[in-house]
Amino acid sequence: MPNRLRFAPSPTGALHIGGIRTALYNFLLARQKGGQFILRIEDTDQNRFVPGAEAYIIRSLEWLGLQMDEGPVSGGLYGPYKQSERLLMYKDYATKLIDEGKAYYAWDTAEDLEAKRQSVQDHSFKYDASVRTHMKNSLSLSGEEVKTNLEADLPYTIRLKVEPGQSIIIQDKVRGEVVFDSTELDDKVLFKSDGFPTYHLANVVDDHLMDISDVIRGEEWLPSTAHHVLLYRAFGWEDTMPTFSHLPLILKPNGNGKLSKRDGQKFGFPVFPLAWPSDNPAESIEGFDSYGFEPEAVVNFLALLGWNPGTEQEIFSLEELIANFDPEKIHKAGARFDFDKALWFNQQYVHKLEFSDAEERLRTQGQALGFDLNAGDLVGAFRLLQPRVSLLKEIMPLAYYFFTDSIEFDNEEINKKWKPEVAPVLEKVADALQNVEPFNFDVAGAAAKEMINSSGVKMGLVMPMLRAALTGTMQGPDVFAIAEVLGREKTIQRFRDFAKR
RNA sequence: GGCCCCUUCGUCUAUCGGUUAGGACAGCAGAUUUUCAUUCUGCAGAGAGGGGUUCGAUUCCCCUAGGGGCUACCA
């Protein structure tokens with residue numbers, strides 16, 4: 001039996017990183033076991049449907065490199081992969097349960113139920129064995145009434161008939177044994193009056209029909225897993241029921257509650273993989289992509305947020321994650337989202353980038369900044385600045401002095417350190433560099449330093465001014481590393497110009 | 001309120017009865033870098049509380065406390 005894992009989001013908007021991590025873990029186990037990774041769209045809530053969300057989910061998985069074996073785009077033998085396109089079968093399965101006395105029709109309206117809830121003091125109203133005989137359903141009504149209601153096409157829901165007094169034991173891969181008492185469970189709605197199934201029905205039916213072997217999902221599903229087990233039993237599918245792994249939640253940075261979609265704006269960092277543009281700027285949201293993250297870094301960060309192989313390795317490629325992943329090593333407690341750590345992971349990946357991986361993006365960014373990229377050495381600039389940033393997009397703004405000769409000087413800082421006796425030294429350094437061969441970090445650097453030493457002016461006064469001459473700022477890479485990238489001509493010119501300022 | 005889950009440095013975590021409780025991020029200090037960043041080294045920093053079980057508990061059990069989730073014709 002191959003391992004078949006599904007990621008089953010509902011298209012209600014952008015997918016946040018909690019969902020991404022769930023997808024990732026499903027993907028990792030599928031790949032590790034040589035099974036399939038399946039995307040299934042759970043669009044059974046018409047009210048919360050958001051146009052574009054499905055495409056967003058697919059683009060997100062692609063961006064992260066989580067290739068799907070089956071899904072709405074790639075298709076597959078178990079399709080369709082959108083629940084809205086599977087509506088007929090849910091009804092059949094629900095009806096089958098009714099025929100077998102394991103579910104029933106209910107005609108209580110939303111208003112009826114709301115009134116019931118209001119009438120009971122605390123939150124204790126539960127549609128279960130103790131009250132269902134007092135409600136309007138095919139168990140409490142006479143056969144005649146039921147027939148009449150059905151023939152009149154009265155809107156109904158179908159509810160699972162939960163038998164009280166049995167204990168339901170779940171073997172969860174991350175939590176071990178979890179026990180529920182069916183007396184505590186309500187008669188869950190399986191089929192809604194709008195003709196759509198609820199998550200509970202659709203999820204169980206589809207997981208069964210799609211031969212899903214392992215369910216990895218968020219902890220918020222743990223309480224309803226008991227109902228799902230009951231459903232597998234009712235259908236007679238318990239022997240092929242998937243394994244369950246309930247993931248700890250990703251919590252807000254301050255620890256109060258689970259991370260939610262609004263937290264990105266609130267805390268000032270992305271909580272979505274991809275940006276979600278909107279005509280209304282207030283509704284546009286940033287993504288890890290637009291923030292400048294490398295997808296590999298996001299994957300690495302998320303993989304380790306709640307899972308750890310037990311070694312001290314921190315950096316994992318997707319292949320290494322696949323090889324090492326183990327659901328039983330998933331941490332049980334919720335994990336706070338730590339953006340600093342995410343940035344650190346990204347820094348590790350940016351520092352490892354080859355120029356060829358970065359070139360296209362650097363060019364695009366340089367052009368957006370209005371740089372004349374032909375005027376300077378892009379590779380040289382990249383090599384110099386790469387170790388100094390956490391995000392690739394931070395490089396080009398720092399690199400402007402490689403691509404223009406009109407340097408903007410940070411006069412406030414420069415003037416603090418400027419001494420008039422430095423000016424002639426700059427000229428002399430320029431002279432000294434005129435004929436050094438080759439013009440590089442070592443040779444030009446040595447020649448310049450020798451000149452400065454013989455000038456009698458302190459090195460500590462001159463060096464910062466050399467950098468200022470070249471870059472306009474008091475900080476940055478080594479002066480002669482910059483000089484080498486800039487080339488002899490520009491270096492000398494900038495030293496001379498600066499001496500005259 | 002009820003049900004369920006969880007609880008090791010500020011944060012993410014390792015430890016599957018015996019460890020000076022390890023690592024990473026962040027913090028602090030130092031070295032390198034005549035700058036800044038990187039890098040390197042070091043410092044500081046944790047088993048929620050109380051009962052058991054055991055020769056021995058961070059580890060197993062119970063209670064309490066705290067946190068979280070669920071409690072919809074949402075997923």
Side-chain angles (χ1 to χ4, degrees), chain A residues 8-12 42-48 106 108-110 113-114 117 120-127 155-159 170 172 174-175 178-181 183-186 188-200 202-203 217-226 246 248-249 251 253 255-258 301 304-315 328-329 331-345 347 351 385-390 394 398 413 417 449 452 458-464 466-468 471 473-479:
Chain A
S10 78
T12 54
E42 308 230 334
D43 53 349
T44 55
D45 186 347
Q46 296 172 288
N47 302 320
R48 293 208 306 158
D108 315 273
T109 64
L113 295 170
E114 188 49 36
R117 288 192 191 96
V120 188
Q121 43 284 60
D122 41 29
H123 264 296
S124 66
F125 175 77
K126 203 161 62 224
Y127 204 124
Y156 63 83
T157 62
I158 297 175
R159 283 179 180 268
I170 294 158
D172 188 279
V174 346
R175 283 151 218 287
V178 182
V179 184
F180 294 89
D181 177 355
T183 311
E184 304 286 347
L185 271 30
D186 65 340
K188 276 263 178 295
V189 171
L190 301 178
F191 201 83
K192 299 181 276 186
S193 57
D194 63 1
F196 281 67
T198 60
Y199 170 87
H200 308 293
N203 158 65
R217 79 227 301 192
E219 189 186 1
E220 67 267 30
W221 293 111
L222 189 52
S224 54
T225 305
H246 285 96
L249 268 11
L251 274 18
N256 300 129
K258 68 172 171 177
F301 166 67
L304 260 36
L305 196 59
W307 170 81
N308 185 294
T311 65
E312 289 180 356
Q313 185 177 351
E314 299 275 341
I315 303 299
E328 306 206 7
K329 285 189 171 169
H331 198 70
K332 292 182 177 71
R336 302 247 179 93
F337 179 81
D338 180 0
F339 189 64
D340 282 337
K341 189 110 183 209
L343 265 182
W344 177 82
F345 273 106
Q347 176 179 267
H351 289 188
L385 268 4
Q386 181 182 30
R388 315 176 68 82
V389 301
S390 299
E394 292 168 342
L398 291 174
E413 286 302 309
K417 289 273 177 92
K449 283 172 187 168
I452 296 165
K458 278 192 200 135
M459 188 74 82
L461 289 177
V462 182
M463 291 295 277
L466 293 178
R467 179 179 294 99
T471 70
T473 78
M474 297 295 283
Q475 56 194 43
D478 183 276
V479 172

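Every chain is numbered from 1 and lettered A, B, ... according to where its sequence line falls, protein lines coming before strand lines.
Side-chain to base pairing of A/Arg467 with B/U35: one donor and one acceptor N or O lie within less than 3.5 Å of each other. Residue A/Lys341 places a side-chain atom within donor-acceptor reach of the base of B/A24, judged by atom type and a 3.5 Å distance cut-off alone. Residue-to-nucleotide contacts include no donor-acceptor pair under 3.5 Å from the side chain of A/Thr157 to the base of B/C73.
In terms of phosphate contacts, A/Thr44 brings a side-chain nitrogen or oxygen within less than 4.0 Å of OP1 or OP2 of B/A75. Neither OP1 nor OP2 of B/C74 sits under 4.0 Å from any side-chain N or O of A/Lys188. Between B/A14 and A/His331, a contact under 4.0 Å exists linking OP1 or OP2 to a side-chain N or O. At the phosphate of B/C16, neither OP1 nor OP2 sits under 4.0 Å from any side-chain N or O atom of A/Lys332.
At the heavy-atom level, A/Pro9 lies nowhere under 4.0 Å from the strands shown. Looking at heavy-atom distances under 4.0 Å, A/Phe180 makes contact with sugar-phosphate atoms alone, never a base. Within 4.0 Å (heavy atoms only), A/Gly218 reaches no atom of the nucleic acid at all. Using a 4.0 Å heavy-atom cutoff across all strands shown, A/Val179 reaches sugar-phosphate atoms only and no base atom. Across all strands, A/Asp108 comes closer than 4.0 Å to base atoms (heavy-atom distances). Among the heavy atoms of the strands, none lies under 4.0 Å from A/Arg217. Residue A/Trp221 is classed as a base contact, given a heavy-atom separation below 4.0 Å to a base.
Side-chain contact check for A/Glu219 versus A/Lys258: every heavy-atom pair is 4.5 Å or farther apart. Put simply, the side chain of A/Glu314 reaches to within 4.5 Å of the side chain of A/Phe345, judged on heavy atoms.
As the counterpart of B/C70, B/G2 is assigned, both hydrogen-bonding distances of the Watson-Crick or G-U wobble pattern falling under 3.5 Å. Nucleotide B/U15 forms no Watson-Crick or G-U wobble pair with any nucleotide shown, as no partner meets the under 3.5 Å limit on both distances. When both distances must be under 3.5 Å, the Watson-Crick or G-U wobble mate of B/C28 is B/G42. Pairing of B/A65, defined by two Watson-Crick or G-U wobble distances under 3.5 Å, is identified with B/U7.
Taking only side-chain atoms of A/Ala335, from C-beta outward, the nucleotide of B/A75, B/C12, B/U7 with the closest atom is B/C12. Comparing B/C12, B/C4, B/G68 by their closest approach to the side chain of A/Asn256 singles out B/G68. Checked against B/C6, B/G69, B/G23, the side chain of A/Arg175 finds its nearest nucleotide in B/C6. The side chain of A/Glu184 approaches B/C3 more closely than any other nucleotide in the set B/C73, B/C3, B/A14. Proximity note for A/Arg48 (side chain, C-beta onward) versus B/A75, B/C73, B/C12: the nearest is B/A75. Side chain of A/Glu312, nearest nucleotide from B/G69, B/G22, B/C5: B/G22. Relative to the side chain of A/Arg336, the nucleotides B/C70, B/C12, B/C25 differ in distance, and B/C12 lies closest.
The separation between A/His351 atom NE2 and B/C40 atom C1' is 15 Å, rounded to whole Å. In this structure, CD of A/Glu220 is placed 14 Å from C1' of B/U71, rounded to the nearest angstrom.
Of the possible donor and acceptor atoms, one in the side chain of A/Glu394 sits under 3.5 Å from a partner among the backbone N and O of A/Ser390. Of the possible polar contacts, one joining the A/Arg467 side chain to the A/Pro477 backbone as a donor-acceptor pair under 3.5 Å is found. Although no hydrogens or angles enter the test, the distance criterion places no donor-acceptor pair under 3.5 Å between the side chain of A/Ser124 and the main chain of A/Val120. Remark: side-chain polar atoms of A/Ser193 are not paired, donor with acceptor, to backbone N or O of A/Tyr156 under 3.5 angstrom.
Each of A/Asp478 and A/Pro253 was assigned the nucleotide of RNA chain B with the nearest heavy atom; the assignment lying further toward the 5' end belongs to A/Pro253. Heavy-atom nearest nucleotides on RNA chain B were determined for A/Phe191 and for A/Glu219, and the one closer to the 5' end corresponds to A/Glu219.
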